[in-house]
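Read through the structure below, which is laid out as structure tokens, and then see the notes.
Just so we're on the same page: letters track the sequence lines, and every chain starts at 1. Note that these values count all heavy atoms, side chains included, but never hydrogens, waters or copies made by symmetry.
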2 protein chains.
Amino acid sequence: MTQDAATTRLDAVKLDGTGPIYDQIRRAVRDLILNGTWAPGTSVPPEHALMEQLGASRMTVHRALVQLAREGLITRRRRSGTIVASPPASHAMLDILSIPDEVKRLGQRYDYEVLSREDRRPSAEIALRFGLKRSEKISHVVTLHRADGRPHVLEERVIHLAVVPAVAGEDFSKMPPGDWLLGNSLWSEAEHAISAVPAEPDDAQHLGIEVGEPCLLIERRTWNQSAPVTAVRLLYPGARHRFIGRFGPYGAV
Amino acid sequence: MTQDAATTRLDAVKLDGTGPIYDQIRRAVRDLILNGTWAPGTSVPPEHALMEQLGASRMTVHRALVQLAREGLITRRRRSGTIVASPPASHAMLDILSIPDEVKRLGQRYDYEVLSREDRRPSAEIALRFGLKRSEKISHVVTLHRADGRPHVLEERVIHLAVVPAVAGEDFSKMPPGDWLLGNSLWSEAEHAISAVPAEPDDAQHLGIEVGEPCLLIERRTWNQSAPVTAVRLLYPGARHRFIGRFGPYGAV
DNA sequence: GCTATCTAATTGCATATGCAAATGACAAGC
DNA sequence: GCTTGTCATTTGCATATGCAATTAGATAGC
């Protein structure tokens with residue numbers, strides 16, 4: 001079913017006069033998508049409409065849209081028109097991915113348990129671990145994910161209440177925090193760090209492994225327009241997990 | 001200094017007649033670069049020349065070259081023309097990178113030592129570890145890299161002699177195997193796997209850590225046109241190393 | 001109601017044309 | 001030799017035009 005075109009207001013597209021016209025158009029549309037003005041699934045005005053609105057030739061508009069399509073922000077089909085793409089669920093080696101999906105892809109049964117949940121200013125320990133200011137109000141959630149009943153990964157997460165206020169009313173009983181955030185927050189940038197660490201006593205108990213056993217630690221922080229959204233530490237029992245990626249010398253294969 | 005244009009034979013560009021013309025051109029040029037016919041640093045024929053040779057309009061040729069430039073395979077400058085780019089030394093989180101560079105970027109003094117070197121068919125143990133057939137002739141090299149005199153990473157590598165025959169005459173006294181390969185082989189595809197493992201006794205001794213201490217293991221295999229080139233296991237003391245990457249929801253930031 | 005057909009909206013592609021911008025090469029002048 | 005200026009080459013950008021391919025939606029026929 002086609003979306004209502006009224007959801008993408010044509011006059012929202014504004015050029016900034018710097019650089020080539022096609023690139024001004026590209027950036028204008030890109031920004032409308034990234035800041036959520038044009039939501040995924042809504043339709044982008046057809047080339048003719050943009051052409052008249054912006055006073056550019058169709059080929060110039062076309063060039064901008066083709067490039068956005070190659071970047072994956074929009075998808076285009078003849079006659080149907082152009083719609084805003086949904087951010088890909090997974091890409092490259094270590095994308096933001098859903099742990100339920102990750103487990104199901106391995107053909108295992110998934111379940112999870114929220115071990116603790118606190119909404120308040122961070123303790124000194126948590127502030128240190130996640131690089132927070134003590135004054136920032138956050139939600140702190142610890143979740144254990146299981147595959148076929150066995151501990152799969154231990155997730156410790158902070159969510160910035162100022163950026164994602166809706167989290168206050170969510171108890172993560174239907175969906176673990178990572179998946180809930182995918183649908184309830186926007187992010188424009190992420191940073192990963194991978195390291196190998198020995199399991200601490202608490203971690204070892206939750207994961208059912210020996211203290212000191214090697215674990216793969218993935219620390220991820222995400223921002224939206226430079227405002228921190230969430231930070232997470234994912235602790236995987238090292239013996240059971242590998243992360244795999246494929247690519248070519250110039251990037252994509 | 002500009003390269004001799006004679007190194008890029010114009011008649012080497014052949015279209016295959018499938019798909020849009022601009023894409024045929026793009027693929028034809030891309031293949032000439034990837035298979036080494038047009039070496040990095042050599043100049044690509046100017047748009048006018050390709051246009052006449054191929055019987056396409058300049059805009060069509062232009063479109064193909066602009067796209068290749070965006071993909072990073074060529075670099076273009078007005079008046080100077082178009083030259084084949086060198087593969088980027090590093091990109092994204094876990095690219096093929098030079099360990100000397102990695103150490104120097106940390107501001108530390110680099111040195112290395114080749115611990116062993118054997119050119120022959122693989123032992124059962126090595127074949128298992130790298131997924132080789134016992135019949136393939138390989139070179140097996142173990143190298144310890146140091147930063148400020150301290151062990152930094154232990155590298156164990158196999159190189160396929162059939163694909164990189166020149167390795168037989170190289171003793172890696174001037175340059176470690178990874179860096180030597182960057183200049184003496186081509187690759188079109190790579191696969192990484194990251195995991196956390198406990199240090200084995202041998203590893204622990206070389207790295208100066210305790211047996212069982214967590215280490216980050218990076219296993220990388222590279223191919224050129226589906227022929228295996230090299231496989232390497234890089235063992236980093238986990239406590240001292242992290243790998244960091246940054247990106248946005250749609251890929252590049 | 002269901003299906004086949006037609007129509008028109010929309011993107012995809014290629015060409016031709018013209019001018020702008022950057023700059024390597026060379027010549028002129030000191 | 002050195003600097004300065006001019007010229008020609010090459011890429012960058014935008015427009016106008018025309019046709020092809022796809023297909024959603026309307027229409028006609030059963």
Side-chain angles (χ1 to χ4, degrees), chain A residues 1-6 8 10 13 15-29 38 41-85, chain B residues 1-6 8 10 13 15-29 38 41-85:
Chain A
M1 188 190 331
T2 331
Q3 301 282 334
D4 184 1
T8 61
L10 189 51
V13 188
L15 306 190
D16 60 10
T18 66
I21 299 173
Y22 79 88
D23 203 55
Q24 296 180 44
I25 300 174
R26 184 185 69 83
R27 282 182 284 111
V29 173
W38 286 1
T42 59
S43 66
V44 173
E47 296 181 355
H48 280 109
L50 286 169
M51 169 185 158
E52 289 192 4
Q53 161 76 16
L54 300 172
S57 76
R58 184 169 86 90
M59 283 307 290
T60 302
V61 172
H62 182 72
R63 185 170 174 179
L65 295 181
V66 163
Q67 192 165 333
L68 283 171
R70 230 186 334 254
E71 293 169 9
L73 274 81
I74 57 179
T75 59
R76 324 190 70 209
R77 278 173 65 206
R78 283 163 170 153
R79 166 65 192 174
S80 313
T82 301
I83 64 172
V84 178
Chain B
M1 191 187 325
T2 332
Q3 301 283 334
D4 182 1
T8 60
L10 190 50
V13 188
L15 305 189
D16 60 10
T18 67
I21 299 174
Y22 79 88
D23 204 55
Q24 296 180 43
I25 299 174
R26 185 185 68 82
R27 284 181 283 110
V29 172
W38 286 0
T42 58
S43 66
V44 174
E47 295 181 356
H48 283 291
L50 286 169
M51 167 185 161
E52 289 193 3
Q53 161 77 15
L54 301 171
S57 76
R58 183 169 87 89
M59 283 306 289
T60 302
V61 172
H62 182 73
R63 185 170 175 180
L65 295 180
V66 163
Q67 192 165 334
L68 284 170
R70 239 195 317 266
E71 292 169 10
L73 274 80
I74 58 179
T75 60
R76 323 190 72 208
R77 280 171 63 204
R78 285 164 168 147
R79 166 66 191 174
S80 312
T82 301
I83 64 173
V84 178

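Atom pair Leu68(A):CG and dT11(C):C1' shows a separation of 15 Å (rounding to whole Å applied). Distance CG (Leu65(A)) to P (dT10(C)): 13 Å, rounded to an integer number of Å. A straight line from CZ of Arg76(A) to C1' of dT23(D) spans 15 Å, rounded to a whole angstrom. Atoms CZ (Arg63(A)) and P (dA14(C)) sit 15 Å apart, rounded to a whole Å. What separates NE2 of His62(A) from C1' of dA20(D) is a distance of 13 Å, to the nearest Å. Note: CD1 (Ile83(A)) to P (dT10(C)) measures 15 Å, nearest angstrom. The CZ atom of Arg77(A) sits 12 Å away from the P atom of dT22(D) (whole-angstrom rounding). At whole-Å resolution of the value, CD1 in Ile74(A) and C1' in dG12(C) are 13 Å apart.
For Ser80(B), no side-chain nitrogen or oxygen approaches OP1 or OP2 of dT10(D) to under 4.0 Å. In this model, the phosphate group of dT11(D) is approached by a side-chain N or O of Thr82(B) to a distance below 4.0 Å at OP1 or OP2.
We find the CG-CG distance between Leu54(A) and Leu15(A) to be 5.0 Å, quoted to the nearest 0.5 Å. For the atom pair Tyr22(A) OH and Gln67(A) CD, the distance stands at 6.0 Å (nearest 0.5 Å). Between atom OG1 of residue Thr75(B) and atom CG of residue Leu68(B) there is a gap of 11.5 Å, rounded to the nearest 0.5 Å. Between the CZ atom of Arg76(A) and the OG1 atom of Thr82(A) there is a distance of 3.5 Å, given to the nearest 0.5 Å.
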inquiry  = Does the protein touch nucleotides 15-21 of chain C at the base, only the backbone, or not at all? Give it as B, S and - per nucleotide, heavy atoms under 4.0 Å.
reply    = BBBB--B

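The two atoms that bring Trp38(A) and Val44(A) nearest to each other are CZ3-CG1, 3.9 Å, heavy atoms only. Considering all non-hydrogen atoms of both residues, Ala56(B) and Ile21(B) come closest at CB-CG2, 4.3 Å.
Checking side-chain atoms of Gln24(B) against main-chain N and O of Gly17(B) turns up a donor-acceptor pair under 3.5 Å.
Candidate nucleotides dT11(C), dC13(C), dC13(D) were compared by shortest atom distance to the side chain of Tyr22(B), and dC13(C) ranks first.
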